[in-house]
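Lettering of chains follows the sequences in order, A, B, ..., and the numbering in each one begins at 1.
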Amino acid sequence: MATLNTEPNIADADAFYEALIEMHRDLTPEQSAAANAALILLLANQVGDLEVLRQAMAKARATVAAD
Amino acid sequence: MGAAMADPDYQSLTFPYARSPDQDAAVPARHPVVVVGAGPVGLAAAVDLARQGVRVLLLDEDERLSAGSRAICFAKRTLEIFDRLGCGDRMVAKGVGWKTGKVFFRDAPVYAFDLLPESGHERPAFINLQQYYVEGYLLDRARELPDLEIRWRNRVSGIAPDADGVTLTVTTPEGDYRLRADWVVAADGARSGVRALMGLESRGRVFRDRFLIADVRMSAPFPAERRFWFDPPFHPGQSVLLHRQPDDVWRIDFQLGWDADPEEERKPERVIPRIRALLGEGVDFTLLWVSVYTFACLRMERFRHGRVLFAGDAAHGVSPFGARGANSGIQDAENLAWKLALVLKGKAPERLLDSYDAERVPAADENILNSTRSTDFITPKSEVSRTFRDAVLRLARDCAFARRLVNSGRLSVPATLRDSPLNTPDEEPFAGAMVPGAPVADAPVGVGGRPSWFLRHIGDAFVLLHFLGPDDPPPEALRVLAAESDVPLRPLVVAPAGSGPAAPPGIAAVEDTEGLLAARLDARPGTTYLLRPDQHVCARWRRLDPPRVRAALARATGHA
């Protein structure tokens with residue numbers, strides 16, 4: 001069974017982070033939310049494995065909610 | 001039924017109450033089966049039972065058929081069931097066949113889908129037909145059957161089940177009377193009176209949303225396809241669904257939101273501007289029927305309660321997206337009818353009826369799951385849910401993966417009864433979808449040199465389907481198995497294309513003219529399928545082996 005990779009996997013982490021913030025340049029908060037949603041959908045399709053996606057969703061939720 | 005004969009206006013017909021001798025009987029008259037509710041599900045159950053030689057009494061509290069189009073989308077499998085009941089041709093001749101759906105987001109098309117991408121099936125993916133026609137045609141069929149009696153304005157007002165029957169109190173315009181039934185089929189709808197009288201509940205999730213439905217008559221330039229709009233300019237923030245029906249009648253569903261006032265929204269002065277916004281100025285239309293509805297996804301914990309069996313909306317409710325209400329109810333009726341008929345004739349033990357529960361409860365759960373997911377996509381209940389929904393719709397224009405996420409209703413397909421206790425698990429490898437529990441696929445066949453359809457030649461009895469090689473004679477074992485079987489078992493051989501079926505007397509044969517039957521069933525010479533009276537697969541083998549056939553038949557009739 002595939003497992004969510006939480007070890008470093010992006011060669012140029014700083015460049016990725018910069019691009020992520022740049023994606024939102026000049027967007028309203030509403031547009032940013034919409035772009036984030038589209039990005040999540042695109043990346044989820046790239047990952048493909050529902051089990052890995054569930055682990056990522058659980059991890060993401062755990063960063064803000066204790067359940 | 002000549003094509004020239006015009007249909008009556010089924011919506012306006014009234015069926016008079018008539019006093020029955022049962023009302024003057026000294027002791028309650030006994031009936032093998034009482035079906036409660038003359039909607040599509042109750043009518044289908046009653047017709048199916050009566051066709052199988054069971055005397056049926058159908059009670060309805062009202063004196064009319066459905067008003068308004070209501071359940072308009074009838075799926076391929078339902079049409080195949082209607083064919084078996086003997087009224088499919090009329091439904092299909094009248095209905096508007098369609099298989100294309102188009103989805104729009106705001107002012108632009110997002111994508112189109114095809115529900116029946118392969119040919120070689122007699123029936124279309126769907127027809128649209130007003131519920132009053134479906135009920136009317138089923139009723140006309142019911143009236144041809146001598147074993148079927150209908151009593152209008154007969155409301156079940158009391159029910160007392162015991163070990164060997166059920167005592168019903170029936171309220172009529174002339175007072176109450178009592179009946180004894182061996183079995184009761186409760187098909188009396190979402191607000192089932194029988195369910196309430198028995199202190200039972202259907203539980204689940206109620207959706208806080210309201211929809212306006214309108215039937216309008218007009219000559220409109222739209223093709224026969226399902227159109228679904230998310231957040232269109234003419235009805236901002238909500239969804240709209242458009243279907244074409246016979247008689248130039250169009251059905252429009254407008255999502256209104258939870259805060260809408262149902263009484264206000266029903267008024268023509270509110271409805272007409274909404275329709276005009278959709279159609280544009282200059283399109284003449286007549287408003288025929290309006291309703292405002294809410295919905296819930298509910299089901300009873302069990303559908304069999306001793307001698308009372310619940311079917312259709314009485315047993316389970318779904319949201320309307322996906323046309324899974326009436327279609328699943330008709331499948332309930334079909335699932336129940338052959339089992340009840342065998343039990344009543346003493347050919348199967350009562351526990352066969354437990355399989356109605358074991359098969360139709362998971363089917364209801366599948367329908368509830370699908371329609372709940374559709375509802376959550378169509379009517380997002382939180383800001384983030386709407387954000388994702390809209391992101392999917394925006395991506396769907398040029399990303400194929402996102403089109404798979406668009407959910408305007410996952411349209412009804414029959415449940416595969418995969419975990420049914422009546423199935424015999426495969427012992428040999430088979431490819432394809434015709435696993436034990438699946439409704440068997442249709443295919444074009446030849447019979448006596450003439451083109452026909454496979455499903456027209458099976459059903460009502462168990463069928464032992466055996467595929468022949470080019471010059472094989474039908475095995476004698478087919479006839480022996482059929483002759484010795486206590487339950488009706490018909491052998492049917494399939495000859496390959498071109499070889500011409502040369503079956504001996506007593507064995508029916510079809511020719512697999514295009515090879516599609518063998519392809520869809522992954523069949524080779526020798527492959528043998530055991531099909532149930534409801535056309536579902538219950539066992540299959542690579543060769544005909546009488547002991548295994550006997551064992552599978554025993555299992556499929558609740559004997560094992």
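- Surrounding CD of Glu118(B) are more than 12 heavy atoms belonging to other residues, nucleotides or ligands, all under 6.0 Å away.
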Donor-acceptor pairs under 3.5 Å, side chain of residues 292-299 of chain B to any protein atom, not counting sequence neighbours: which ones?
residue, atom, partner, partner atom, Å
Tyr293(B), OH, Asp253(B), OD2, 3.2
Arg299(B), NE, Asp365(B), OD1, 2.5
Arg299(B), NH1, Glu301(B), O, 3.2
Arg299(B), NH2, Asp365(B), OD2, 3.2

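- Expressed to the nearest 0.5 Å, how far CG of Leu42(A) lies from SG of Cys399(B) amounts to 5.5 Å.
- Taking a 6.0 Å sphere around CD of Glu18(A), one finds it holds 12 or fewer heavy atoms contributed by other residues, nucleotides or ligands.
- Of the atoms belonging to Arg394(B), it is side-chain heavy atoms, and not backbone ones, that fall under 4.5 Å from chain A.
- With a 4.5 Å cut-off on non-hydrogen atoms, Val384(B) does not touch chain A at all.
- Within a 6.0 Å radius of CZ in Arg373(B), no more than 12 heavy atoms belonging to other residues, nucleotides or ligands are found.
- Heavy-atom distances place the side chain of Ile40(A), and not its backbone, under 4.5 Å from chain B.
- Shortest non-hydrogen contact noted between Ala391(B) and Ala38(A) is CB-N, 3.8 Å.
- In this structure, Lys59(A) places its NZ atom where only 12 or fewer heavy-atom neighbours from other residues, nucleotides or ligands lie under 6.0 Å away.
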